[in-house]
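Computed from a predicted model, the values in this text were never measured in an experiment. Scope of the values below: all heavy atoms of this structure, side chains included, with no hydrogens, waters or symmetry mates.
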Amino acid sequence: MNRPSLVPLVKKELRTSLNSASSYLAAIFFLTLGSLWFLRIHNFAARDYASFREFFSIFPLLFIVLIPLLTMKIWADERRGGTIEILFSMPYRMWQLVLGKFLGAFLQFAVIMLLTLPLILILSRLGDFDFGQIITQYVGVLLLGAASISMGQWISALSGNQITAALISISAMLLFILVFDAIAGAMRGFFSDLLRYFSLSSHFNSFARGVLDSRDLSFFILMTMLFLYLNARSLLLKKWS
């Protein structure tokens, strides 16, 4: 039997996002703080070198709030509204439901990242910027976003409501972006290397410098796939429990 297309699922997620105040608050929060950090706090105009590294370097910290706002409602809202049973009864495999939800959230995230492009294009006229480096930085942003969204989506599936999902996601993002890296910096040896390996910000740093490292690329892809798999497994357990 032919399975239905993922397109209706993705469209549903995008419609839900457009009707959600949290989506707009997330976009405003990210774009405002990111621009203020780069233009005012980091004083872009006073620098004597052409690089957007500092602009992209703040993204992981902003994602600690941005990603939970985008993902907290993905499954928690379906459970609150009693529509999750309807989804389970549709002729989709569980991985299709998970992937459809993920793509909807990721497209919303990608649009927010696209809104940073006008600032980049305007400021790039003020110096001799390396556009290859900028493209690499955006690739890193999208990969970091994909891994973070898949983790937040899994947490939403485990949570009873949006607030709980948001709080747990913020805690998880703090752990993977700040805590692992901070502890690894204070340690030496195997455990330091292990914590640094699982640090999202550690793997993003090379992209922020404009360096495309296959090890970091594979890490983000594997993390995204892992959390999507965990998401599907946890939903299957809920469905048959």
Side-chain angles (χ1 to χ4, degrees), residues 26 29-30 33-34 36-38 41-42 51-72 74-76 102 105-106 109 112-113 116 133 136-160 162-231 233-234:
F29 160 82
F30 178 80
L33 263 66
L36 284 175
W37 161 263
F38 190 53
I41 299 174
H42 207 272
S51 173
F52 288 109
R53 177 179 176 180
E54 289 79 9
F55 180 57
F56 287 99
S57 293
I58 196 65
F59 281 23
L61 293 180
L62 298 179
F63 283 6
I64 293 173
V65 175
L66 174 68
I67 299 301
L69 286 174
L70 295 181
T71 61
M72 64 182 185
I74 290 180
W75 290 111
F102 170 77
F106 183 76
F109 166 79
I112 296 174
M113 296 304 105
T116 66
Q133 185 181 70
T136 301
Q137 289 164 335
Y138 270 112
V139 169
V141 166
L142 294 176
L143 288 169
L144 174 62
S148 302
I149 288 168
S150 65
M151 179 170 64
Q153 180 177 331
W154 174 54
I155 292 171
S156 180
L158 299 175
S159 305
Q162 291 187 26
I163 302 302
T164 302
L167 292 176
I168 297 176
S169 293
I170 288 173
S171 301
M173 291 293 289
L174 279 168
L175 194 67
F176 279 89
I177 287 177
L178 285 180
V179 177
F180 283 171
D181 215 28
I183 297 176
M187 299 173 63
R188 294 291 182 272
F190 172 76
F191 287 107
S192 175
D193 294 337
L194 182 65
L195 289 173
R196 188 168 283 111
Y197 177 78
F198 284 104
S199 167
L200 294 176
S201 56
S202 176
H203 287 279
F204 178 72
N205 286 339
S206 60
F207 288 101
R209 296 193 304 269
V211 178
L212 184 60
D213 191 319
S214 60
R215 293 170 297 181
D216 299 320
L217 180 69
S218 59
F219 169 81
F220 283 123
I221 292 173
L222 288 173
M223 286 290 283
T224 302
M225 293 173 64
L226 171 63
F227 284 115
L228 290 178
Y229 170 78
L230 292 174
N231 191 176
R233 294 301 300 175
S234 62

Take the angle between the ring planes of Phe176 and Phe180 and call it parallel below 30°, perpendicular above 60°, tilted in between.
perpendicular
Search all heavy atoms of Thr224 against all heavy atoms of Ala146 and return the closest pair with its distance.
OG1-C, 3.5 Å
Is there side-chain contact between Leu61 and Leu178, with at least one heavy-atom pair below 4.5 Å?
yes
d(Ile155 CD1, Ile170 CD1) to nearest 0.5 Å is 10.5 Å
Which heavy atom in Arg188 sits nearest to a heavy atom in Gly185, and how many Å separate them?
NH1-O, 3.5 Å
Do any N or O atoms from the side chain of Trp37 and from the backbone of Phe59 form a donor-acceptor pair under 3.5 angstrom?
no
Please confirm whether the ring centroid of Phe220 lies under 6.0 Å from the ring centroid of Phe204.
no
d(Ser57 OG, Leu62 CG) to nearest 0.5 Å is 11.0 Å
Which residues satisfy the side-chain hydrogen bond (donor to acceptor under 3.5 Å, both in side chains) test with Asp216, sequence neighbours excluded?
His203, Ser206
Looking only at non-hydrogen atoms, find the nearest pair between Met72 and Ala166 and report the distance.
SD-CB, 3.6 Å
Counting only heavy atoms not in Met187 (residues, nucleotides, ligands), do more than 12 fall under 6.0 Å from its CE?
yes
What do the steps show when you test Leu200 against Phe219 for side chain to side chain contact (heavy atoms under 4.5 Å, CB included), and what is the final call?
CA-CA 9 Å; Leu200 294 176; Phe219 169 81; 3.8 Å; yes
For residues Leu144 and Phe207, determine if any side-chain heavy atom of one lies less than 4.5 Å from a side-chain heavy atom of the other.
no
With Gln153 as partner, the option from Leu228, Leu230, Leu70, Ile67 fulfilling side chain to side chain contact (heavy atoms under 4.5 Å, CB included) is Leu228
Heavy-atom nearest pair, Ala208 first then Gln137, reads O-NE2, 2.8 Å
How about Met225 and Ile221: do any of their side-chain heavy atoms sit closer than 4.5 Å?
yes
If you take all heavy atoms of Ala105 and Ile74, which pair is closest and at what distance?
CB-CD1, 3.8 Å
Work out which heavy atom in Thr71 is nearest to a heavy atom in Gly152; give both atom names and the distance.
OG1-CA, 3.5 Å
Mind running side chain to side chain contact (heavy atoms under 4.5 Å, CB included) on Thr116 and Phe30 for me, showing each step along the way?
CA-CA 10 Å; Thr116 66; Phe30 178 80; 3.8 Å; yes
Separation between CG (Leu143) and OH (Tyr138), nearest 0.5 Å, reads 14.5 Å
Can you confirm whether Val65 sits close enough to Leu33 that some side-chain heavy atom of one is under 4.5 Å from a side-chain heavy atom of the other?
no
Could you state the interatomic distance from OG (Ser192) to CD1 (Ile183), rounded to the nearest 0.5 Å?
10.5 Å
Ring centres of Phe109 and Phe63 under 6.0 Å apart?
yes
Under 4.5 Å between any side-chain heavy atoms of Met173 and Ser148, yes or no?
yes
Taking atom CZ of Arg233 as the centre, report whether more than 12 heavy atoms of other residues, nucleotides or ligands fall under 6.0 Å from it.
no
Can you find a heavy atom in the side chain of Arg53 that is under 4.5 Å from one in the side chain of Gln133?
no
Looking at Ser156 and Ala165, would you say the former's side chain and the latter's main chain have a donor-acceptor pair under 3.5 Å?
no
Between Trp75 and Leu158, is a side chain to side chain contact (heavy atoms under 4.5 Å, CB included) present by the stated rule, with each step listed?
CA-CA 8 Å; Trp75 290 111; Leu158 299 175; over 6 Å; no
